[in-house]
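Residue numbers begin at 1 in each chain, while the letters A, B, ... track the order of the sequences. Atom set for the values below is all heavy atoms of this structure, side chains included, hydrogens, waters and symmetry mates excluded.
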Protein chains: 2
Amino acid sequence: MDTIQNITLKLTEHNIKPSLQRIKIYEYISKNLIHPAVDTIYEELIKEIPTLSKTTVYNTLKLFEKQNLIRSVNIDETEIRYDARKDTHGHFICTECGKIFDFNYNYNKIKINGLKEFEITQQNFNIKGICPECKNNKK
Amino acid sequence: MDTIQNITLKLTEHNIKPSLQRIKIYEYISKNLIHPAVDTIYEELIKEIPTLSKTTVYNTLKLFEKQNLIRSVNIDETEIRYDARKDTHGHFICTECGKIFDFNYNYNKIKINGLKEFEITQQNFNIKGICPECKNNKK
DNA sequence: TCCATATTTGTAATAATTACAATTTTATAA
DNA sequence: TTATAAAATTGTAATTATTACAAATATGGA
């Protein structure tokens, strides 16, 4: 469970000082696995922290990503989305409703040609298309 | 070869009327497989077409993508890149030098869980890391 | 040639992100 | 406890990619 205590510990483990803002931002991302954009996070948290600045959200997310606590998902052309899931998985975005779905894939089975000697630090597997629900609505 | 005649034909096949601007923009992307951004394309072509407008470049690339002639690559956080290659391949971006490298992968061999009933129209497999050259320079 | 339509152009607007300086908070040592 | 330095947060202004839109230009058919 992601209790406040656990979040504090997790931040500390990643060399991030656990301020209220940081705890709340991480809590939101880890409890809402909807790959939120900066603005979504900001709009939700301003309700709890009325003095919150959007710059803080930007700074904090950058810090989290640098410290390898979260990852950014650039599946949306207009804004960066964030994800607290750290295991290897891809993202499907529905071009009708805009919803993002996670999918699992087996990275080891992919035969990648042309990447010998390349050091991999991050991977994004993004697929676009139409989700089952929107497909049904179209009929 | 991508002669002007071939480009004209290719545009026509994709239901795109071959204007000078369109031909030149497609020629640039297909001859320079560097995944150029809008600005790069514009800066190069303004030399040949002094009246060229950046809006035209934007409009044209959007049209090309809609007509399935090229694909967009959202590997760069700040700007959209474009690619004339249509076969399945992924992109590796070096976080040191910013260069983008193509790699091949076998999509059919990937075991994807959670995408039954999803209609796939586009896929982007992006990997970030350090290229061999930059790795050597760091030592 | 004339006219309708498509394309291109230029400018202004929009929106995500960053820069930066001021303010506030936190941690520490006297 | 108090003074002080460092870190974090905030708010505003600047930057930049992209889009909206209307005017100008080019194209093709009657």
Side-chain angles (χ1 to χ4, degrees), chain A residues 7-8 11-12 14-28 35-67 69-82 93 98 100, chain B residues 7-8 11-12 14-29 35-67 69-83 93 98 100:
Chain A
I7 292 172
T8 302
L11 293 177
T12 307
H14 285 81
N15 287 313
I16 299 162
K17 277 198 192 138
S19 69
L20 171 70
Q21 287 84 342
R22 289 170 176 177
I23 290 170
K24 284 292 175 188
I25 290 171
Y26 183 74
E27 187 187 30
Y28 182 80
H35 320 86
V38 171
D39 205 60
T40 310
I41 299 168
Y42 174 74
E43 290 301 337
E44 273 308 307
L45 294 185
I46 192 89
K47 295 171 189 169
E48 286 186 70
I49 312 170
T51 60
L52 184 67
S53 162
K54 205 180 270 188
T55 303
T56 300
V57 182
Y58 274 104
N59 290 342
T60 303
L61 293 169
K62 276 239 151 127
L63 176 67
F64 284 0
E65 193 181 13
K66 188 178 148 229
Q67 298 301 90
L69 179 63
I70 63 172
R71 60 182 277 203
S72 62
V73 182
N74 57 336
I75 195 169
D76 189 307
E77 263 99 40
T78 57
E79 54 191 0
I80 302 176
R81 306 287 212 107
Y82 288 92
I93 187 168
I100 297 178
Chain B
I7 291 172
T8 302
L11 293 178
T12 307
H14 284 82
N15 287 315
I16 300 162
K17 277 199 190 135
S19 69
L20 171 69
Q21 287 86 340
R22 289 168 176 179
I23 290 170
K24 285 293 175 186
I25 289 171
Y26 184 74
E27 186 186 32
Y28 182 80
I29 306 178
H35 320 86
V38 171
D39 204 60
T40 309
I41 299 168
Y42 173 75
E43 291 299 337
E44 273 308 306
L45 293 184
I46 191 92
K47 295 171 187 167
E48 286 185 69
I49 312 169
T51 61
L52 184 66
S53 162
K54 204 178 271 187
T55 302
T56 300
V57 182
Y58 273 102
N59 290 341
T60 304
L61 293 169
K62 276 238 151 129
L63 177 67
F64 285 0
E65 193 181 12
K66 188 178 147 228
Q67 298 302 90
L69 179 62
I70 63 172
R71 60 182 276 204
S72 63
V73 182
N74 57 337
I75 193 166
D76 190 307
E77 264 100 40
T78 58
E79 55 191 0
I80 302 175
R81 307 286 212 107
Y82 287 93
D83 195 344
I93 187 167
I100 296 177

Classify the nucleic acid contact of A:K17 as base, sugar-phosphate or nothing, counting any heavy atom under 4.0 Å across all strands shown.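 Sugar-phosphate contact only - A:K17 comes under 4.0 Å of backbone atoms but never of a base.
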
Report which part of the nucleic acid B:E77 touches: base, sugar-phosphate, or nothing (heavy-atom distance under 4.0 Å, all strands).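 Since no nucleic acid heavy atom lies under 4.0 Å of B:E77, the category is nothing.
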
Answer yes or no: is there a donor N or O on one side and an acceptor on the other, between the side chain of [X] and the main chain of [Y], under 3.5 Å?
X	Y	value
A:T12	A:T8	yes
A:E65	A:R71	no
B:N74	A:N74	yes
A:R81	A:H35	yes
A:T60	A:T56	yes

Examine [N]: is either OP1 or OP2 under 4.0 Å from a nitrogen or oxygen in the side chain of [X]? Give yes or no.
X	N	answer
A:T56	D:dT10	yes
B:Y58	D:dT18	yes
B:T51	C:dT9	yes
A:K62	C:dT18	yes
A:S19	D:dT9	yes
B:Q21	D:dA26	no

Between atom [atom1] in [X] and atom [atom2] in [N], what is the gap in whole Å?
X	N	atom1	atom2	result
B:N59	C:dT7	CG	C1'	9 Å
B:I23	D:dT27	CD1	P	11 Å
B:K24	C:dT8	NZ	C1'	17 Å
A:L20	C:dT25	CG	C1'	12 Å
A:K54	D:dA13	NZ	P	16 Å
A:I46	D:dT9	CD1	C1'	12 Å
B:I41	D:dT18	CD1	C1'	14 Å
A:I49	C:dT24	CD1	C1'	15 Å

Closest listed nucleotide, where the reference is the side chain of A:T60 and the choices are D:dT18, D:dT9, C:dG10: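 Minimum distance to the A:T60 side chain belongs to D:dT9.
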
Taking atom types as they are modelled, would you say the side chain of A:T55 forms a donor-acceptor pair with the base of D:dT12 within the 3.5 Å cutoff?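 Check passes, donor-acceptor contact within cut-off.
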
